[in-house]
Amino acid sequence: MTDSTDNGTESADDQPTRTPPPAQPNYDNTFDAIVVGAGLAGSAAAITMANEDLDVLMIERGAYPGAKNVFGGVMYTPTIRDLVGMDGAPIERYVGQRRYAMLTEEDEIGATVNIGDWHEEPHNDSFTVLRGDFDEWLADQAVEAGATLITETTVTDLIRENGYIVGVETDRPEGALRAPIVVLAEGGNSLVSEGAGLKPAPDRKDVAVAVKEVIEFPGDSAQVIEDRFRLGDEDGAAYHYFGEGAAGKSFGGAFIYTNDDTVSVGLAYRIEDSITQGINPEKRLNEFKSHPAVAPLFKDARTVEYTAKTIPEGGAEAMPKLVHNGALLVGDTAGLVLNNGVHLEGTNMAVESGYHAGKAVVEAFNSIPATERTAGATAAGGQTARADGGMVIPSSHLQSYPDRLEESFVVKNLEHYEWLIHRVTEDKELLFEELPAALADAAAEYFAIDREPKQVHGARAKERVLGTLGGLRGLVKLGWRYRKIVR
Amino acid sequence: MTDNWTVVVGIKQVPDEDDVTIDPDTGTLNRAEAAAILNPPDRNALEAALQLKDEVGAEVIAFTMGPPTATPVLELAVALGCDDAALISDMAFAGSDTWPTSLTLAYAAEYFDADVGIFGEETTDSSTGQVPPGIAAHLDWAQLTYVADLDPRPEDNQLLATRDVEGGHEVVAADLPVIVAVGYGDNDPRPAGLHRKLYAETEFEPMELDAEALGIDPDEVGLDASPTQVGGMDTADPVEREQEVVDSVEDLAAAMAEEGAV
Ligand SMILES: Cc1cc2nc3c(=O)[nH]c(=O)nc-3n(C[C@H](O)[C@H](O)[C@H](O)COP(=O)(O)OP(=O)(O)OC[C@H]3O[C@@H](n4cnc5c(N)ncnc54)[C@H](O)[C@@H]3O)c2cc1C
Ligand SMILES: Cc1cc2nc3c(=O)[nH]c(=O)nc-3n(C[C@H](O)[C@H](O)[C@H](O)COP(=O)(O)OP(=O)(O)OC[C@H]3O[C@@H](n4cnc5c(N)ncnc54)[C@H](O)[C@@H]3O)c2cc1C
């Protein structure tokens, strides 16, 4: 404080050049791009553009980036590591252990995967994080790169002139702001993009609802977690559960992720099922937490946070048009989430899409000669695209974004698993109800200790499973139907 | 009066109350780690000043006496619509209590040739409420306290104030120059406009004023010039109370009779 007060004293004299505030500051067309939402996709886009000297403004509705963001979650960081490195990133634990388990109403059959390599850097780029901390950190990296961030400001609409998106409207007084490019990174509940007609309102079969609790244990919560999940100081666990005991009679699953001294537990399933099957998310989550195979993990736990959120999960088919005249859609807004039971991934795709979108914008700016950067020159049909003569960028100049995304793991993964989602939907009862029950019965049979020979038990176990699948032929058919899962 | 009024607004940075904890070992308030915010009652002071700007075109200048780390409250003032803002900062001010604080702010009001000085009811960290009346006393200006609403009368060189009093309200008129303390929560503060917010957060640098600039003799301010002394702080441990649940009124009466309470 001593130093800073000293500075204050000196600078009274160093200030002849100070200009008093203008009566009406105006930032129309002073930023090259406006990013709506400082989540993962938004910050990744902002970092990419700011790194190439574009003037970027991020507009975030929360009190700080991440304040309201909900996810499981495991953050997948390959692209973030390339973009800004992971130094100082606020992570909770690296994922050293995964478990996939089927639950019937009473039984569990599962497998734990614990790979030696995951315990070494970069830890398979999988970390449990708290989004409130992580998103704020990532947005800070964008600010360090030169972007501007304003918070507590909600974008309410887009400004459109002659077929071009030319800026945003916000909830603040004199809240309109113009810029040549708007990147929509508003997450899955994309009211702005839908309201402006850049994407259709989602079909309810393409939307999952997720509920999540953060819980902690009395006493040394971190130690309790390490003991119960068999973890060290820094590694964490990611558990995924399917079957009736997890998400009830719906298409979905449940998850448990360990943070440093709290645990995230939740479930995600199709909104459609929540309506047609009458599932109450809160009740379903409590049922999952009290499943006999799960309850011991949560003994004495208390809930410190409860949240609910939607996840787009239409896959590659439900992906909206990604580029428009003057606008791009990224992350969950573009429907880029993989949620198929085995995978629940959106963070890596959000960052990857933000990165490619940012690159495309940079290329667009570089490809349009300064002299052509005004409305009259670029708008088709000779009409003036912008009343104020500001620069516009037609969607054709942004095409490299969808092209690159198509080539990246993002669309490849979505397409690859598209069929899986279809198959699983068709086979829902078999996979989520009948098969887990059969496997549990079979296991009970197989491991039964009584006075009958093991061979007899083995045969009955096999019969129980094959009976459910429709005999050996049924098993082969099922294997064929799902062969691509390991391809 | 022909030229427009100059209105100064005093604002202060305080620790966010929701964020302040008590260190259980030392019993002291842990303010350092709490987020620093604008003293909430000062929102109402700024709103009252900006209404004078809307109504009679007053020029509004916000100031704070504090370290340079207090600059964000000045940015907020400019974002909300103040024409300018000043940081009043000097080593000589360190340790000032309400007396030299009022004196310093009185000098600042004179420095800006203010017609009206508007302040909050009190701060949420020290909450003495002494600063605005202190300034009026130093300057020998009129003062209006617990003001709910202002009605400017430039033609009469007067400011009318509605004050909440028990059982109703009263309207008081004061000749300029005048010091006003606005009641906490008595008006509805406006949000910052988008472009002003952008300007304030990205480009604005406050004016900086030290003791010399204000014409203050360093001996008049600071710790040595402060008549109050903080003797010490104590935390009170909550007393464990016995608890007992009784099921009916009869049981309660019986229990009280047993204790000899009735
Ligand atoms: C319960 C749950 C569990 C999940 N688990 C995982 C997991 O374990 N691993 C994984 O990889 N993915 C997981 N996901 C998916 C992942 O969270 C998302 O894919 C990812 O957060 C998408 O990032 P985004 O930047 O597109 O959107 P978001 O993270 O939603 O960010 C959008 C941002 O925009 C802001 N915003 C929104 N509207 C406006 C507006 N109008 N004006 C201004 N700002 C606005 C929001 O406040 C927010 O900061 C999970 C999702 C859920 C719901
Ligand atoms: C013995 C003692 C020692 C102290 N030592 C220190 C110290 O070393 N360092 C320190 O920082 N504080 C110190 N303080 C606190 C500091 O003196 C008071 O915060 C200050 O005098 C203002 O009083 P208040 O907060 O009670 O204001 P109030 O009278 O409750 O505030 C009413 C209004 O006055 C205005 N106002 C108050 N303070 C300011 C200001 N600084 N700038 C502009 N407007 C203002 C605001 O509009 C506010 O709403 C000390 C207090 C005491 C009693």
Side-chain angles (χ1 to χ4, degrees), chain A residues 1-31 34 55-61 63-64 67 136 143 146-157 159 167-179, chain B residues 16 18 32 35 37 50 53 57 59-62 64-71 74-95 111 190-214 218 222:
Chain A
M1 201 177 124
T2 315
D3 282 355
S4 37
T5 314
D6 270 341
N7 282 341
T9 314
E10 278 164 21
S11 43
D13 305 325
D14 312 337
Q15 291 222 337
T17 55
R18 180 181 181 274
T19 36
Q24 287 199 313
N26 186 327
Y27 288 85
D28 282 339
N29 297 319
T30 59
F31 291 100
I34 297 171
D55 278 325
V56 182
L57 174 67
M58 293 185 277
I59 302 182
E60 168 59 44
R61 66 174 173 192
Y64 58 92
E136 192 176 24
V143 170
T148 302
L149 166 70
I150 59 165
T151 57
E152 293 179 278
T153 306
T154 301
V155 172
T156 51
D157 204 355
I159 309 173
V168 300
E169 294 279 358
T170 68
D171 62 346
R172 292 194 168 274
E174 284 126 39
L177 181 67
R178 289 160 170 268
Chain B
D16 188 348
D18 298 340
I37 58 166
L50 293 170
K53 180 177 174 65
E59 184 186 20
V60 178
I61 297 168
T64 188
M65 177 187 122
T69 47
T71 302
L74 299 174
E75 291 173 1
L76 178 54
V78 168
L80 290 169
C82 292
D83 295 292
D84 211 338
L87 177 70
I88 301 166
S89 201
D90 199 311
M91 274 304 287
F93 300 142
Y111 175 90
R190 66 193 65 191
L194 180 65
H195 293 259
R196 291 204 72 86
K197 181 175 164 75
L198 274 168
Y199 168 76
E201 290 180 10
T202 60
E203 291 186 61
F204 173 69
E205 302 273 351
M207 277 179 257
E208 294 190 24
L209 300 171
D210 58 8
E212 192 190 331
L214 294 178

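Order of the sequence lines sets the chain letters (A, B, ...), proteins ahead of strands, with each chain counted from 1. Computed over heavy atoms, backbone and side chain alike; hydrogens, waters and symmetry mates excluded. Computed from a predicted structure; not experimentally measured.
- Proximity to chain A (any heavy atom under 4.5 Å) is shown, for B:A192, by both the backbone and the side chain.
- Looking at B:F204, only its side chain comes within 4.5 Å of chain A, counting heavy atoms on both sides.
- With a threshold of 4.5 angstrom between heavy atoms, B:D84 approaches chain A through its backbone and through its side chain.
- In this structure, the side chain to side chain contact (heavy atoms under 4.5 Å, CB included) partners of B:P218, at least two apart in sequence or on a different chain, are B:A92.
- Side-chain atoms of B:L87 and B:T71, non-hydrogen and from C-beta on, do get closer than 4.5 Å to each other.
- Using a 4.5 Å heavy-atom cutoff, the side chains of B:H195 and A:D28 are in contact.
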Would you list the atom pairs, donor with acceptor, under 3.5 Å between side chains in residues 148-155 of chain A and any protein atom, with sequence neighbours excluded?
from, atom 1, to, atom 2, distance (Å)
A:T153, OG1, A:T151, O, 2.9
A:T153, OG1, A:R172, NE, 3.0

